[in-house]
Protein chains: 2
Amino acid sequence: MKPPSEKSAGRRKSRPSFEPLQPHEIELADFFVRMAGILGVPRSVAEIYALLYVSSGPLDFDHIQGRLGMSKGSVSQGLKFLRDHEMILSVKEKGARRERWQPTPSLAASLVALLRSQVLPALEQAQPGLQRVLADAQQRGAQPEVIERLSRLNRWNSRALELAPLLLPPPGA
Amino acid sequence: MKPPSEKSAGRRKSRPSFEPLQPHEIELADFFVRMAGILGVPRSVAEIYALLYVSSGPLDFDHIQGRLGMSKGSVSQGLKFLRDHEMILSVKEKGARRERWQPTPSLAASLVALLRSQVLPALEQAQPGLQRVLADAQQRGAQPEVIERLSRLNRWNSRALELAPLLLPPPGA
DNA sequence: GCCTAGGTTCAAAATTTATTGAAACATCAG
DNA sequence: CTGATGTTTCAATAAATTTTGAACCTAGGC
């Protein structure tokens with residue numbers, strides 16, 4: 001209820017008002033959205049990443065929300081996803097309360113981390129089940145053709161699990 | 001309305017009645033469903049593939065529908081998808097009307113074809129857009145950091161397009 | 001402690017995607 | 001041609017996923 005004592009001396013508080021995405025920004029966002037779609041990553045996440053990717057400096061929460069015109073919830077969840085997959089970094093300025101975000105230096109590394117997080121758990125979880133399916137088939141005296149298929153599947157799974165830590169190292173390298 | 005003249009001499013016509021999936025079949029289906037999910041392939045498609053994969057001989061439309069308990073439409077669309085991506089082969093017996101299906105010999109090749117069909121079009125379609133975004137940034141005198149990022153993205157896209165036909169050859173090899 | 005800027009959570013709403021089933025189509029035997 | 005079998009199409013429905021927004025935390029300044 002109290003009227004603002006200062007007009008707008010530099011720290012605006014009420015209506016930040018961000019401009020909508022420019023055509024070139026939209027184009028890049030479309031690209032990221034499409035690519036993300038292949039991996040099942042939601043549109044909002046791709047949009048956030050794209051915005052950070054074309055922006056010169058790190059952006060804070062409100063900028064992202066404002067420029068993309070998306071809800072707080074989506075921005076929060078999107079940043080969480082990108083953080084969890086090591087696709088963005090926070091740049092905290094000393095004495096400042098807000099965090100500001102920028103893309104991780106290597107997009108390649110980011111993608112690898114992303115794939116890793118999707119494929120690895122599936123492979124690991126499948127391991128015992130696949131072995132059981134093969135054993136079962138052998139026990140039942142299934143056709144050699146089927147046994148062969150299931151064996152190959154098992155070998156693949158094992159090899160993939162062995163190779164994974166080499167191709168997709170967690171922290172060090 | 002006419003009563004069956006023959007009891008069940010071998011060709012049953014009214015109630016084929018297929019048995020539901022066995023535990024070991026379900027386990028394998030779960031694996032394929034999970035993996036397919038990563039690539040955005042629908043559950044029903046993965047289930048069909050899994051069933052063909054554990055089955056000894058080729059299966060016809062009705063068997064697939066019956067054992068998976070899914071609708072005609074889903075089976076038809078699923079088979080179309082698998083056909084289009086060269087993941088299954090039809091084995092037509094001479095004189096028989098129905099087609100019978102079995103998985104392509106190489107699952108690896110199938111997966112490659114699948115990836116190809118998802119990623120390549122996206123890369124191709126993105127090419128001009130990405131170039132435009134980069135040109136735009138240069139023209140606007142954007143930060144060197146941003147220019148560098150966009151350049152790298154362009155180089156990647158180009159290289160991926162060059163490599164694609166080598167890694168993922170369409171017919172011959 | 002108390003207040004507030006900054007951010008998270010999560011159930012409900014909106015949107016997207018997959019599945020169904022009835023009608024249309026195709027192909028072959030007679 | 002006719003009738004039956006085998007398959008595809010596609011609008012309607014169901015299911016899964018994403019987005020929203022309001023309530024709820026949390027840390028830091030006073």
Side-chain angles (χ1 to χ4, degrees), chain A residues 1-2 4 11-16 18 29 32-34 36-49 51 58-84 88 90-101 118, chain B residues 1-2 4-5 11-16 18 29 32-34 36-49 51 58-66 68-84 88 90-101 118:
Chain A
M1 293 298 184
K2 69 180 173 202
R11 69 192 66 195
R12 56 246 107 67
K13 186 179 271 187
S14 33
R15 284 164 286 117
F18 298 97
F32 279 119
V33 166
R34 195 188 304 273
I38 294 174
L39 289 170
V41 174
R43 154 177 294 270
S44 62
V45 173
E47 286 180 349
I48 293 173
Y49 188 85
L51 177 58
L59 301 184
D60 66 32
F61 195 106
D62 286 353
H63 274 260
I64 297 169
Q65 185 187 355
R67 296 221 52 211
L68 293 175
M70 81 180 37
S71 70
K72 265 186 163 198
S74 285
V75 173
S76 177
Q77 288 174 188
L79 288 176
K80 177 171 177 14
F81 180 99
L82 292 169
R83 243 186 283 131
D84 289 352
I88 57 175
S90 112
V91 180
K92 258 203 202 106
E93 286 174 48
K94 68 171 185 179
R97 196 96 89 79
R98 343 187 97 192
E99 298 205 271
R100 302 169 71 219
W101 302 94
Q118 300 226 288
Chain B
M1 292 297 187
K2 70 181 173 201
S5 47
R11 69 193 67 194
R12 55 243 104 71
K13 184 179 273 186
S14 33
R15 283 164 286 118
F18 299 96
F32 279 118
V33 166
R34 194 189 302 275
I38 294 174
L39 290 171
V41 174
R43 153 177 295 269
S44 62
V45 173
E47 285 180 350
I48 293 173
Y49 188 85
L51 177 58
L59 301 185
D60 67 33
F61 196 104
D62 285 353
H63 272 261
I64 297 169
Q65 184 186 357
L68 293 175
M70 85 181 32
S71 70
K72 270 186 166 195
S74 284
V75 174
S76 176
Q77 288 173 191
L79 288 176
K80 176 172 177 12
F81 180 99
L82 292 169
R83 242 186 283 130
D84 289 351
I88 57 175
S90 110
V91 180
K92 258 202 203 109
E93 286 173 48
K94 68 171 185 179
R97 196 93 90 81
R98 347 185 96 193
E99 299 205 90
R100 301 169 71 220
W101 301 95
Q118 300 226 287

Measure from the side-chain heavy atoms of [X] and tell me the nearest of [options].
| X | options | value |
| --- | --- | --- |
| Gln77(B) | dG7(C), dT20(C), dT19(D) | dT20(C) |
| Glu99(B) | dG6(C), dT9(D), dT7(D) | dT7(D) |
| Arg43(B) | dT7(D), dT19(C), dT19(D) | dT19(C) |
| Arg98(A) | dT7(D), dG7(C), dT19(D) | dG7(C) |
| Ser76(B) | dT20(D), dT9(D), dT19(D) | dT9(D) |
| Ser44(A) | dT19(D), dT19(C), dG7(C) | dT19(D) |
| Ser74(B) | dT20(C), dT7(D), dT9(C) | dT20(C) |
| Ser71(B) | dG21(C), dA18(C), dG6(C) | dG21(C) |

Please state how far atom [atom1] in [X] lies from atom [atom2] in [N], giving the value in whole angstrom units.
| X | N | atom1 | atom2 | value |
| --- | --- | --- | --- | --- |
| Lys80(B) | dT9(D) | NZ | P | 7 Å |
| Asp62(B) | dT7(D) | CG | P | 7 Å |
| Phe61(B) | dG6(D) | CZ | P | 11 Å |
| Leu79(B) | dT19(C) | CG | P | 13 Å |
| Met70(B) | dA14(D) | CE | P | 18 Å |
| Gln65(A) | dT8(C) | CD | P | 12 Å |
| Arg100(B) | dT7(D) | CZ | C1' | 17 Å |
| Leu59(A) | dG7(C) | CG | P | 13 Å |

Donor-acceptor pair under 3.5 Å, Lys72(A) side chain vs dG21(D) base: no
Residue closer to the 5' end of DNA chain C, Asp60(A) versus Gly73(B) (nearest nucleotide): Asp60(A)
Residue that, paired with Asp60(A), satisfies salt bridge (charged side-chain N to carboxylate O under 4.0 Å, His left out) out of Arg98(A), Arg67(A), Lys92(A): Arg98(A)
Heavy-atom pair of closest approach, residues Gln118(A) and Ile38(B): O-CD1, 3.5 Å
Val33(A) to Ala46(A) - nearest heavy-atom pair and separation: CA-CB, 3.6 Å
Distance below 4.0 Å between Arg83(B) side-chain N/O and dT8(D) OP1 or OP2: yes
Note, Trp101(A) side chain near Val91(A) side chain (heavy atom, < 4.5 Å): no
Residues, nucleotides or ligands: over 12 heavy atoms within 6.0 Å of Arg43(A) CZ: no
